[in-house]
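Below is one structure, written out as structure tokens, with a few remarks after it.
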Amino acid sequence: MTAPLKAVDPITVDVALGERAYDIVIGRGVLASLGERIAALRPGVRTAIVTDRTVATHWLEPAEAALAQAGIPTTRIVVEEGEGSKTYAGLAKVSEALIAARIERNDLVIALGGGVVGDLAGFAAAILRRGVDFVQVPTSLLAQVDSSVGGKTGINSPQGKNLLGAFHQPVLVIADTAVLDTLSPRQFRAGYAEVAKYGLLGDAGFFTWLEANHADIVKGGPAREHAVATSCRAKAAIVARDERETGDRALLNLGHTFGHALEAATGFSDRLFHGEGVAVGMVLAAQFSAELGMLPASDVERVVHHLAAAGLPTHLQDIAGFAQEGIGDADSLMALMAQDKKVKRGKLTFVLLEAIGRAVIARDVDPSRVRDFLQAKLQRRA
Ligand SMILES: NC(=O)c1ccc[n+]([C@@H]2O[C@H](COP(=O)([O-])OP(=O)(O)OC[C@H]3O[C@@H](n4cnc5c(N)ncnc54)[C@H](O)[C@@H]3O)[C@@H](O)[C@H]2O)c1
Ligand SMILES: [Zn+2]
């Protein structure tokens with residue numbers, strides 16, 4: 001009889017935040033260990049799983065089965081998928097359901113889903129009874145490498161994205177790389193932009209590795225676990241240095257000042273997913289860095305080439321509907337950037353590149369220079 005192939009051991013990344021420290025457990029199949037890990041952390045706990053409709057069809061039953069196996073009672077709270085749930089109404093629905101499920105101070109909320117569910121359930125946990133702990137089970141690539149780590153939770157206001165929220169760190173993150181198999185290819189690619197971001201902002205070796213291995217990450221080979229773990233380590237290290245974003249944590253915004261403006265200019269619609277906006281934004285940040293004489297043109301080319309190879313948009317003209325609906329002019333994009341919460345007293349803060357693997361925070365960028373740069377990019381022929 002042949003022995004079954006030994007499953008590769010999960011990778012654990014520690015988020016070193018003193019008494020708020022927690023583990024991120026990464027591996028193919030780790031969802032099955034959700035119950036035993038929670039039981040070890042919180043014997044006798046009750047739980048409620050918050051998820052969205054799409055994720056529920058694929059992964060709610062396996063998650064519930066894992067809890068049942070460890071004898072952990074749970075309730076399900078299912079919201080509509082998409083950004084429309086990260087609202088006052090979505091928060092009311094989840095909060096009332098948590099109260100009805102009698103989730104108390106020592107119980108746990110489990111966020112099973114992408115960044116929307118993580119932000120929403122995390123925020124509901126932060127305010128329920130003045131704070132109940134929560135576990136992140138991120139199911140999108142973006143959530144596994146970015147939103148589930150670092151403790152930012154919240155909802156949108158009709159006046160802007162993520163304007164209401166709290167820092168609330170999870171007590172455990174379970175990132176099962178197999179759940180990404182059911183993610184749409186476009187969502188997967190969008191999440192990949194954040195993976196590439198970690199290479200660009202601080203790890204040239206990782207970026208080079210991604211150039212060679214990105215196909216295996218998509219296919220779901222062992223490169224996927226390595227990519228998720230390396231990304232989580234990078235984010236965890238930055239968050240541990242600067243939990244509340246008073247300094248270095250801003251490096252994580254590489255590509256995001258431009259990207260957010262593009263998302264807003266396309267109405268946060270399906271024209272441009274967040275990660276796609278970040279991809280175009282990282283190219284713009286690289287090009288702008290080159291224009292300021294900080295980054296060699298050959299590095300800009302490498303950034304464009306890799307993101308395009310990963311199937312991501314890299315230029316403004318690649319944004320869906322650019323020819324028909326456009327994305328506004330340079331002034332309207334500047335106005336959108338000025339609304340970003342990263343703006344402090346009118347000064348634009350940009351994350352720029354000095355090299356692949358070396359990003360810097362530029363706090364005092366001349367807005368007229370950015371405007372002229374965008375104007376030229378908008379005129380580029382597709
Ligand atoms: N808290 C943070 O630090 C942080 C960081 C980055 C982004 N965010 C937030 O995250 C959100 C974006 O996250 P997202 O891209 O994961 O969006 P999302 O949660 O809307 O998920 C994208 C889509 O994929 C589906 N999906 C998720 N996992 C799936 C799976 N395994 N199989 C099939 N379908 C699946 C969802 O139902 C949804 O339709 C935004 O609201 C953004 O503001 C937060
Ligand atoms: Zn992002």
Side-chain angles (χ1 to χ4, degrees), residues 31 50-60 62-63 78-87 90 111-123 126 134 136-157 160-170 173 175-198 201 220 231-232 235-236 238-239 243-245 249 251-260 262-264 268 270 272-282 340-342 351:
L31 181 59
V50 181
T51 189
D52 75 27
R53 248 182 357 188
T54 306
V55 174
T57 60
H58 300 289
W59 301 108
L60 181 55
V78 183
V79 300
E80 302 283 300
E81 59 279 338
E83 206 65 33
S85 285
K86 245 180 81 173
T87 53
L112 173 72
V116 163
V117 163
D119 283 10
L120 172 65
F123 188 41
F134 85 118
Q136 289 270 21
V137 185
T139 63
S140 67
L141 181 57
L142 180 132
Q144 293 197 349
V145 300
D146 190 354
S147 60
S148 67
V149 179
K152 284 190 186 176
T153 69
I155 59 169
N156 305 322
S157 148
K161 268 202 72 176
N162 298 325
L163 288 179
L164 299 141
F167 283 98
H168 190 49
Q169 299 289 347
V173 181
D176 186 336
T177 50
V179 308
L180 305 180
D181 293 344
T182 58
L183 195 62
S184 79
R186 186 177 170 197
Q187 290 286 3
F188 193 96
R189 291 194 295 271
Y192 183 79
E194 305 279 3
V195 175
K197 181 186 79 175
Y198 294 110
L201 75 84
S231 300
C232 287
K235 180 153 185 186
I238 291 175
V239 168
E243 187 179 1
R244 301 230 161 195
E245 195 166 325
R249 187 164 178 167
L251 288 171
L252 297 170
N253 296 327
L254 175 64
H256 282 63
T257 307
F258 288 122
H260 283 153
L262 299 174
E263 280 184 90
F268 297 98
D270 281 356
L272 191 70
F273 289 172
H274 172 76
E276 295 170 339
V278 170
V280 177
M282 288 193 296
D340 200 295
K341 5 186 207 6
K342 277 120 203 159
V351 183

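Computed from heavy atoms alone, side chains included, the values below leave out hydrogens, waters and symmetry copies. Source: prediction; values computed, not measured. Start at 1 and go down the list; that is how both ligands and their atoms are numbered.
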Sub-4.0 Å atoms of ligand 1 with respect to non-hydrogen atoms of [X]:
| X | value |
| --- | --- |
| Glu83 | 40 (C), 41 (O) |
| Ser140 | 14 (P), 16 (O), 28 (N) |
| Gln187 | 22 (C), 23 (C) |
| Thr182 | 30 (C), 31 (N), 32 (N), 33 (C) |
| Asp52 | 36 (C), 37 (O) |
| Val179 | 30 (C), 31 (N) |
| Trp59 | 31 (N) |

request  = Of the side chain and backbone of Glu81, name the one, both, or neither that has a heavy atom under 4.0 Å from an atom of ligand 1.
outcome  = side chain

inquiry  = Does only the side chain of Lys86 get under 4.0 Å from ligand 1, or the backbone, or both, or neither? Count heavy atoms.
reply    = side chain

Nitrogen or oxygen of [X] less than 3.5 angstrom from that of ligand 1:
| X | result |
| --- | --- |
| Thr139 | yes |
| Val116 | yes |
| Val149 | no |
| Gly115 | yes |
| Asp146 | no |
| Lys152 | yes |
| His58 | no |

query = Out of curiosity, is Leu180 lining ligand 1, as in a heavy atom under 4.0 Å away?
reply = no

ask   = For ligand 1, is Lys235 a contact, meaning one of its heavy atoms is under 4.0 Å away?
value = yes

task = Kindly give the atom name of the N, O or S atom of His256 closest to the Zn ion (ligand 2).
result = NE2

key: Glu194, N/O/S atom nearest the Zn ion (ligand 2)   = OE2

Exam field: side chain [X] to backbone [Y], donor-acceptor pair closer than 3.5 Å:
| X | Y | answer |
| --- | --- | --- |
| Thr51 | Val78 | no |
| Lys197 | Leu252 | yes |
| Asp52 | Val55 | yes |
| Gln144 | Thr139 | no |
| Ser85 | Gly90 | no |

key: Metal proximity, Asp146 vs the Zn ion (ligand 2), N/O/S cut-off 2.8 Å   = no

